[in-house]
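Chain identifiers are assigned alphabetically (A, B, ...) following the order of the sequence lines, protein sequences preceding nucleic acid strands; residue numbering begins at 1 within each chain. None of the values given here were measured: they were computed from a predicted structure.
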2 protein chains.
Amino acid sequence: MSPSHIHVPTNCHTVTEILSRVGDKWSVQVVVRLGEGPKRFNELRRTVEGVSQRMLTLTLRGLERDGLVTRTVYPTIPPRVEYQLTELGCSLLKTVRALGAWAIENRDEILEARRRFDNAAETADSLQSRSDAA
Amino acid sequence: MSPSHIHVPTNCHTVTEILSRVGDKWSVQVVVRLGEGPKRFNELRRTVEGVSQRMLTLTLRGLERDGLVTRTVYPTIPPRVEYQLTELGCSLLKTVRALGAWAIENRDEILEARRRFDNAAETADSLQSRSDAA
DNA sequence: CAGAATCCGTAACGATACTG
DNA sequence: CAGTATCGTTACGGATTCTG
């Protein structure tokens with residue numbers, strides 16, 4: 001049992017901070033792909049699908065900055081750069097997979113809830129416009 | 001062992017979708033606070049700290065739409081509205097806590113990696129400007 | 001090949017004022 | 001009390017062009 005009634009702002013902030021690192025548009029996908037093994041830049045660019053060159057660069061820089069991936073440059077011609085998960089990155093991948101499992105498990109329930117909610121809102125709207133017209 | 005080399009786009013998309021629901025600026029904090037029990041609007045507004053009225057409203061609507069919280073209106077004067085986690089919301093809270101635990105556990109390592117990275121970048125910059133001046 | 005730099009549109013967010 | 005409506009700003013992300 002954790003004392004959840006004790007509010008520790010630092011922890012909340014920490015969690016939020018980490019979540020916004022991982023919650024951006026591409027970080028998770030990149031981490032998951034790198035979970036398959038080290039990859040080169042354009043290799044990632046192809047497999048992540050939909051990511052722009054710019055965003056892949058920024059995402060990788062961010063992950064590198066936080067110590068989640070390493071960037072290794074082989075000074076050949078043409079240049080060759082490999083990205084690889086660090087141990088920290090691997091441990092993150094594990095907990096992200098848990099969240100992923102939850103997402104897949106509850107996908108249908110969420111989608112249906114969404115459908116219901118949108119339907120209800122639509123119904124309310126049409127009732128509204130009917131009373132407007134009257 | 002999961003066959004991680006088999007790429008299932010639907011699952012990736014699902015995970016990304018869920019993560020962007022939870023990865024926004026306030027959802028997690030709201031869910032965590034609601035994990036302590038049902039709360040009223042302004043009660044949340046105070047405990048979540050930093051959230052604007054507008055964003056709290058939007059966040060709660062989003063969570064309600066996805067079936068993660070319920071919204072109960074007591075038609076008294078003044079009005080009283082209670083928000084409460086659904087079962088689905090509770091199950092999400094559990095996996096989010098796992099991510100939170102990871103965040104807290106690895107906070108220092110991340111911060112230090114960040115510091116190192118920024119230092120290295122700064123050093124490179126100053127070397128750059130020195131060769132510019134020459 | 002692996003990026004850096006620039007430009008630009010959208011969407012997220014915050015502050016404020018108003019309402020039932 | 002619990003919102004809605006409107007406005008302005010900022011941050012995110014995409015497309016394009018250029019470079020070592």
(request) May I ask you to list the residues of residues 56-68 of chain B, by number, that have any heavy atom positioned under 4.0 Å from an atom of DNA chain D? (result) B:Thr57, B:Arg61

(message) So that I can tick it off, tell me whether B:Glu17 and B:Arg21 are bridged by a salt bridge, with the cut-off set at under 4.0 angstrom between side-chain N and carboxylate O.
(response) no

(request) Measure the OG1-CD distance between A:Thr72 and A:Glu82 for me, rounded to the nearest 0.5 Å. (result) 7.0 Å

(message) Please find the pair of heavy atoms, one from B:Trp26 and one from B:Glu49, that lie closest to each other, and give the distance.
(response) CZ3-O, 4.1 Å

(request) Taking the side chain as every heavy atom from C-beta outward, state whether B:Arg45 and B:Asn42 have any atom pair closer than 4.5 Å. (result) yes

(request) Estimate the overall bend of the helix from C:dC1-D:dG20 to C:dG20-D:dC1 from the end axes over five pairs each, rounded to 10 degrees. (result) 40°

(request) Using heavy atoms and a sub-4.0 Å distance, could you list which residues of residues 23-32 of chain B are near DNA chain D? By number, please. (result) none

(request) Taking all non-hydrogen atoms of both residues into account, name the closest pair between A:Thr16 and B:Lys25 and its distance. (result) CG2-O, 4.2 Å

(request) Find the distance between CZ (A:Arg40) and CZ (A:Arg80) and round it off to the nearest 0.5 Å. (result) 4.5 Å

(message) Please find the pair of heavy atoms, one from A:Arg61 and one from B:Phe117, that lie closest to each other, and give the distance.
(response) O-CZ, 4.3 Å

(message) Testing B:Arg71, B:Arg33, B:Glu43, B:Glu64 one by one against B:Tyr83 for a side-chain hydrogen bond (donor to acceptor under 3.5 Å, both in side chains), which residue passes?
(response) B:Arg71

(request) State, yes or no, whether a side-chain contact exists between B:Leu68 and B:Leu34 at a heavy-atom distance under 4.5 Å. (result) no

(request) Could you list by number each residue of residues 70-84 of chain A showing a heavy-atom separation from DNA chain C of less than 4.0 Å, or answer none if no residue does? (result) A:Arg71, A:Pro78, A:Pro79, A:Val81, A:Tyr83

(message) By the 4.0 Å heavy-atom rule, please label A:Arg40 as base, sugar-phosphate, or nothing.
(response) sugar-phosphate

(request) First locate atom CE of B:Met55, then atom CG of B:Asp24, and finally report the distance between them rounded to the nearest 0.5 Å. (result) 6.5 Å

(message) Could you report the tightest heavy-atom contact between A:Leu88 and A:Asp66, atom names first, then the distance?
(response) CD2-O, 3.7 Å

(request) Output the distance between atom CG (B:Leu63) and atom CG (B:Leu92), rounded to the nearest 0.5 Å. (result) 8.5 Å

All N/O pairs under 3.5 Å across the protein-nucleotides 16-18 of chain C interface:
from	atom 1	to	atom 2	distance (Å)
C:dA17	N6	B:Gln53	OE1	3.4

(message) Less than 4.5 Å apart, side chain to side chain, heavy atoms only: is that true for A:Leu60 and A:Phe41?
(response) yes

(message) What range of DNA chain D does chain B touch, first nucleotide to last, counting atoms under 4.0 Å from its heavy atoms?
(response) D:dC1 to D:dT6

(request) Measure across B:Gly35 and B:Leu93 and return the closest heavy-atom pair with its distance rounded to 0.1 Å. (result) CA-CD2, 3.6 Å

(request) Would you give the length of the straight line joining atom CG of B:Asp118 to atom CZ of B:Arg114, rounded to the nearest 0.5 angstrom? (result) 8.5 Å

(request) Compare every heavy atom of B:Leu56 with every heavy atom of B:Val51, then report the nearest pair and how far apart it is. (result) CG2-N, 3.6 Å

(message) When you compare the side chain of A:Val31 with that of A:Leu85, does any pair of heavy atoms fall below 4.5 Å?
(response) yes

